[in-house]
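All values derive from a computational prediction rather than experimental measurement. Below, all heavy atoms of this structure are taken into account, side chains as well, without hydrogens, waters or symmetry copies. A note on names: the letters A, B, ... follow the listed sequences, proteins ahead of strands, and every chain is numbered from 1.
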Protein chains: 2
Amino acid sequence: MSTTISTDGVGAASARVAAYLRDLILRDELKPGDRIRQEDIADRLGASRLPVREALRMLEAEGLTEHRTNKGARVPRLSMHEVDVVYRMRERLEPLALTESLPLLSGDDHARLEGVQQQIEANTDLDRFLELDREFHLGTYSGCHIDSLNAMVTRLWNSTQHYRRAFVAMGGQARMWVVNAEHRLLLDAVVRRDPADAERFLEGHIRRTRIELGHHPAVFGEQR
Amino acid sequence: MSTTISTDGVGAASARVAAYLRDLILRDELKPGDRIRQEDIADRLGASRLPVREALRMLEAEGLTEHRTNKGARVPRLSMHEVDVVYRMRERLEPLALTESLPLLSGDDHARLEGVQQQIEANTDLDRFLELDREFHLGTYSGCHIDSLNAMVTRLWNSTQHYRRAFVAMGGQARMWVVNAEHRLLLDAVVRRDPADAERFLEGHIRRTRIELGHHPAVFGEQR
DNA sequence: TGACACACGATTGGATCCAAAATCCAGCCT
DNA sequence: AGGCTGGATTTTGGATCCAATCGTGTGTCA
């Protein structure tokens, strides 16, 4: 994922620009509060401002940027309460995606998830963890083919990525064993195709993270 | 709502175009499968194609249109299963919005909701019912100030509006007394500020609608 | 010295123009 | 007669150009 942006982009310059900006925001190279200048991005990708504008419109609807007329686009800053509610949304929506996905996951999918979880357990790098964790969870939803549900789940992840990173960086690493235990229980339920258990473990996993996040108000205090 | 589009639109032509198209889709003047030609819309609003394109990007991210490169925009056609899942999403998300809203609703808000419900009980027109029902439910969420949650709830409503209309038109009217009973119970819980009851009644209300929708497969069969 | 006003630069919003892709239709060949 | 190929028209995608708005810095006046 997010490998080469390169020059191909056959058929969709605006989609390429959107992917580029999305990637910047997820990798935290664009942080909450940062302004996004159209011409800047256009130059950087060798395109005109037009596809940039369309991309910004798309990202705005995804909640990754906010737009004020004649004042430009910024990465929105979320309050602790907003992030808290987004996590509550995840607690309710993701179990649905999981239940929807569960019966359609193949043995290959299970093996792939097992591999990702092993990498998580062996990993020590922060950014790598964020990537793998995302791959693991979204992987468990890969059997769900309802576009609107997939899109919403992805958006909930994207819009809180910055705060998740800040949280893990502030020592969330110490409790990694909890994450792994939860992932293991979840994965087992997935392989057994037990939707009740899977939903319960998943909801608990997100809920615990939400609560721990609430104990780190510093994550939300960093204005620059 | 959707009163005058007129010529004002100070500061946002693309937003005006988006609102115009959104309104067309919600009023069922653009139906699933219909193609949207940029120049057509541009002419109709006396604007150039550029704001239309931006508007289409926004609507695409909202799930109201779908876009294929070089092939244009269409109103997406949803399968019964997709609509079913969207309703399941509503069952989970809207109670959250309600709980978030409940403590912040004023006595005036309660009175306004009471008034809307009375209008629903007195009403006989199909389109008017759809408007009022939407106003009632979204009104109960008006105390929720989490943008991302509000946006998602609105999108879930918007993307299924066409099928709701078709369902009501096919005789859903007959069971209007059930709707009113559920609304009354819900409204009472809202006024009492009882989140547990409110969530339960709301979830039940959406769930029952989902199940009845499932008994009317004809709603989804109408290709043109 | 401080505050207001004006003007200039920077940046976004909108329109027109050009290129590329897709669709449609007619003609041709089998 | 039917299907396939080719070009013409329609429609979308992208770039450049112009207008409007915002922010900023400076200069002037009380």
For DNA chain C, the residues among residues 57-68 of chain A that have a non-hydrogen atom under 4.0 Å from it |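 Within this stretch, A:His67 sit under 4.0 Å of the strand.
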
Identify the heavy atoms of B:Leu156 and A:Met152 that sit nearest to each other, and give their distance.
->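 Scanning both residues, the minimum pair turns out to be CD2-CE, 3.7 Å.
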
How far apart are the closest heavy atoms of B:Ala198 and B:Leu102, and which atoms are they?
->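 For B:Ala198 and B:Leu102, the tightest heavy-atom pair comes out as CB-CD2, 4.2 Å.
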
Do any pairs count as a side chain to side chain donor-acceptor pair (under 3.5 Å) and have a residue in residues 123-132 of chain A, sequence neighbours left out, and if so which ones?
->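 Passing the test, one end in residues 123-132 of chain A: A:Gln119-A:Arg128, A:Asp127-A:Arg165, A:Arg128-A:Glu131.
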
Rounding to 10 degrees, work out the angle separating the end axes of the helix from C:dT1-D:dA30 to C:dT30-D:dA1 (five pairs an end).
->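 Axis-to-axis angle, ends of the helix: 10°.
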
Can you give me the N/O atom pairs linking the protein to nucleotides 15-19 of chain C at distances under 3.5 Å, or say none if there are none?
unit_1 : atom_1 : unit_2  : atom_2 : d
C:dA15 : OP2    : B:Ser48 : N      : 3.1
C:dA15 : OP2    : B:Ser48 : OG     : 3.1

Hey, is the main chain of A:Glu62 close enough, under 3.5 Å, to the side chain of A:Arg155 for a donor-acceptor pair?
->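 No.
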
State which residue, out of B:Leu45, B:Leu59, B:Leu26, B:Leu64, fulfils the side chain to side chain contact (heavy atoms under 4.5 Å, CB included) condition with B:Leu21.
->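 That would be B:Leu59.
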
Rounded to the nearest angstrom, tell me the gap between atom [atom1] in [X] and atom [atom2] in [N].
{"X": "A:Asn70", "N": "C:dA10", "atom1": "CG", "atom2": "P", "answer": "18 Å"}
{"X": "A:Arg16", "N": "D:dG13", "atom1": "CZ", "atom2": "C1'", "answer": "12 Å"}
{"X": "A:Lys71", "N": "C:dG13", "atom1": "NZ", "atom2": "P", "answer": "12 Å"}
{"X": "A:Asp43", "N": "C:dA10", "atom1": "CG", "atom2": "C1'", "answer": "14 Å"}
{"X": "A:Arg35", "N": "D:dC22", "atom1": "CZ", "atom2": "P", "answer": "12 Å"}
{"X": "B:Ile36", "N": "D:dG13", "atom1": "CD1", "atom2": "P", "answer": "13 Å"}
{"X": "B:Arg74", "N": "D:dT11", "atom1": "CZ", "atom2": "C1'", "answer": "13 Å"}

Any chance the side chains of B:Thr65 and B:Arg74 put a donor and an acceptor closer than 3.5 Å?
->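 B:Arg74 and B:Thr65 do not have a side-chain donor-acceptor pair below 3.5 Å.
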
May I ask you to decide if the ring planes of B:His216 and B:Phe167 are parallel, tilted or perpendicular, using 30° and 60° as cut-offs?
->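 Perpendicular: the ring planes of B:His216 and B:Phe167 meet at over 60°.
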
For B:His205, check ring pair (Phe, Tyr, Trp, His ring centres under 6.0 Å) against everything at least two apart and list the hits.
->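 Per chain and number, B:His205 pairs via ring pair (Phe, Tyr, Trp, His ring centres under 6.0 Å) with B:His137, B:His183.
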
Whether over 12 other heavy atoms sit under 6.0 Å from B:Arg207 CZ |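 Open.
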
Can you check whether A:Gln38 has a side-chain N or O nearer than 4.0 Å to OP1 or OP2 of C:dG13?
->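 It does, given that an N or O in the side chain of A:Gln38 lies less than 4.0 Å from OP1 or OP2 of C:dG13.
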
Can I get a per-line list of side-chain donor-acceptor pairs under 3.5 Å for residues 144-151 of chain A, giving both atom names and the distance, sequence neighbours left out?
unit_1   : atom_1 : unit_2   : atom_2 : d
A:His145 : ND1    : A:Gly143 : O      : 3.4
A:Asn150 : ND2    : A:Cys144 : O      : 3.0
A:Asn150 : ND2    : A:Ile146 : O      : 3.4

Reported CZ-to-CZ distance for the pair B:Arg134 and B:Phe129, which is rounded to 0.5 angstrom =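 One finds 13.0 Å between CZ of B:Arg134 and CZ of B:Phe129.
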
For B:Leu56, answer base if it contacts any base atom (sugar-phosphate contacts may also be present), sugar-phosphate if it contacts only those atoms, and nothing otherwise; contact means non-hydrogen atoms under 4.0 Å.
->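 Here B:Leu56 touches no strand at all.
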
